[in-house]
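Keep in mind that this is a model prediction, so the values were computed, not measured.
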Amino acid sequence: MHRPLSIDISLWDFSLHYYACAGVSPLCLRLQDEYGVNVNVLLWALWLGYRGVRLEPAPLAQALRKIHSWDQHYVLPLRQLRRRMKVEFGVADESIEVVRTQIKQAELLAEKHLQQILQAQISIDTALVQVTATALMADNLWLYLQPLGVSKRRVEELLALLN
């Protein structure tokens, strides 16, 4: 498991770090497109495990309710608009790409806000962080992804990419 990160790392910085790991981004996008996985929640589950926190069903459900409106009204429409522009116009027109890039920046800011909501859901005592971060990350991911129909193999594939 990567451990060069501070245990006090914010969810956003943790997400940027792991999302940039080889193979993680395409797998996350595949899970998003094929299973409806919210990649921000997936990264939150990993971050909690990294921080030594076991995610339980009730706090997960509460967090999902808390972010639902923001995700549905702001994050998803921006993503859909950005993707639709790419399909309709391609990437050759520079002026359209400038607009698409601005929409992507707005989408990222909306995701960052969503992650701030998630991060505030669980208070973490860094003195209680356990040595079992890898196991907790796997358990947290499975709690979130199993009800969405994601196979255990996909979860293991994602965790392997983070090692």
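Between the NE2 atom of His68 and the CG atom of Asn38 there is a distance of 11.0 Å, given to the nearest 0.5 Å. The CG atom of Leu29 sits 3.5 Å away from the OH atom of Tyr19 when rounded to the nearest 0.5 Å. The structure places OG1 of Thr101 at 7.5 Å from CD of Gln105, a figure rounded to the nearest 0.5 Å. In this structure, CG in Leu159 is found 10.5 Å from CD in Glu157, a value given to the nearest 0.5 Å. His113 contributes atom NE2, which lies 10.0 Å from atom CG of Leu118 (distance to the nearest 0.5 angstrom). Residue Asp71 holds its CG atom at 8.0 Å from CD of Glu111, rounded to the nearest 0.5 Å.
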Acceptor/donor pairs from residues 30-37 side chains to any protein atom, 3.5 angstrom cut, sequence neighbours excluded:
{"residue": "Asp33", "atom": "OD1", "partner": "Arg83", "partner atom": "NH1", "Å": "2.9"}
{"residue": "Asp33", "atom": "OD1", "partner": "Arg83", "partner atom": "NH2", "Å": "3.3"}

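A single hydrophobic cluster is seen to contain both Val150 and Leu27, as judged by linkage of ILVMFWY side chains at heavy-atom distances under 4.5 Å, directly or through other members. A chain of hydrophobic side-chain contacts below 4.5 Å, direct or via other Ile, Leu, Val, Met, Phe, Trp or Tyr residues, connects Leu143 to Leu148. At a threshold of 4.5 Å between side-chain heavy atoms, the hydrophobic network of Ile, Leu, Val, Met, Phe, Trp and Tyr places Val155 and Leu48 in one connected group. Placement of Leu109 and Leu11 in two distinct hydrophobic clusters is found when ILVMFWY residues are connected by side-chain heavy-atom separations under 4.5 Å, directly or transitively. Hydrophobic cluster membership is shared by Val53 and Trp47, with clusters built from Ile, Leu, Val, Met, Phe, Trp and Tyr side chains linked at under 4.5 angstrom.
Annotation for Pro77 and Gln72: closest pair CD-O, 3.2 Å, computed over non-hydrogen atoms. Across Ile9 and Arg51, no two heavy atoms sit closer than the pair O-NH1, 3.5 Å. Nearest heavy atom pair, residue Met85 against residue Ile103, reads SD-CD1, 3.4 Å. Closest heavy-atom contact between Ala45 and Leu55: CB-CD2, 4.2 Å. Taking each heavy atom of Phe14 and Met137 in turn, the nearest pair found is CZ-CE, 4.0 Å. A pairwise comparison of heavy atoms in Tyr18 and Tyr50 identifies OH-CE1, 4.1 Å as the closest pair.
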side-chain contact (heavy atoms from CB on, under 4.5 Å) assessment of Trp44 paired with Val41: CA-CA 5 Å; Trp44 178 64; Val41 176; 4.2 Å; yes
CA sep, side-chain torsions, deciding dist, call: Leu158, Val24, side-chain contact (heavy atoms from CB on, under 4.5 Å): CA-CA 7 Å; Leu158 179 60; Val24 172; 4.1 Å; yes
Verdict with reasoning, Val91 to Arg100, per side-chain contact (heavy atoms from CB on, under 4.5 Å): CA-CA 9 Å; Val91 295; Arg100 217 166 62 78; 3.7 Å; yes
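Classification of Arg153 and Glu156 as a salt-bridged pair fails, no side-chain N sitting under 4.0 Å from a carboxylate O.
Around the CD atom of Glu88, the shell of radius 6.0 Å holds more than 12 heavy atoms that belong to other residues, nucleotides or ligands.
Partners of Glu107 by salt bridge (Lys or Arg N to Asp or Glu O under 4.0 Å), not counting sequence neighbours, listed by chain and number: Arg79, Arg82. By the salt bridge (Lys or Arg N to Asp or Glu O under 4.0 Å) test, Arg65 pairs with no residue at all, sequence neighbours left out.
Side chains of Trp12 and Gln116 form no contact here, defined as non-hydrogen atoms less than 4.5 Å apart.
Using a distance-only test at 3.5 Å, with no hydrogens or angles considered, a donor-acceptor pair links the side chain of Gln121 to the main chain of Ile117.
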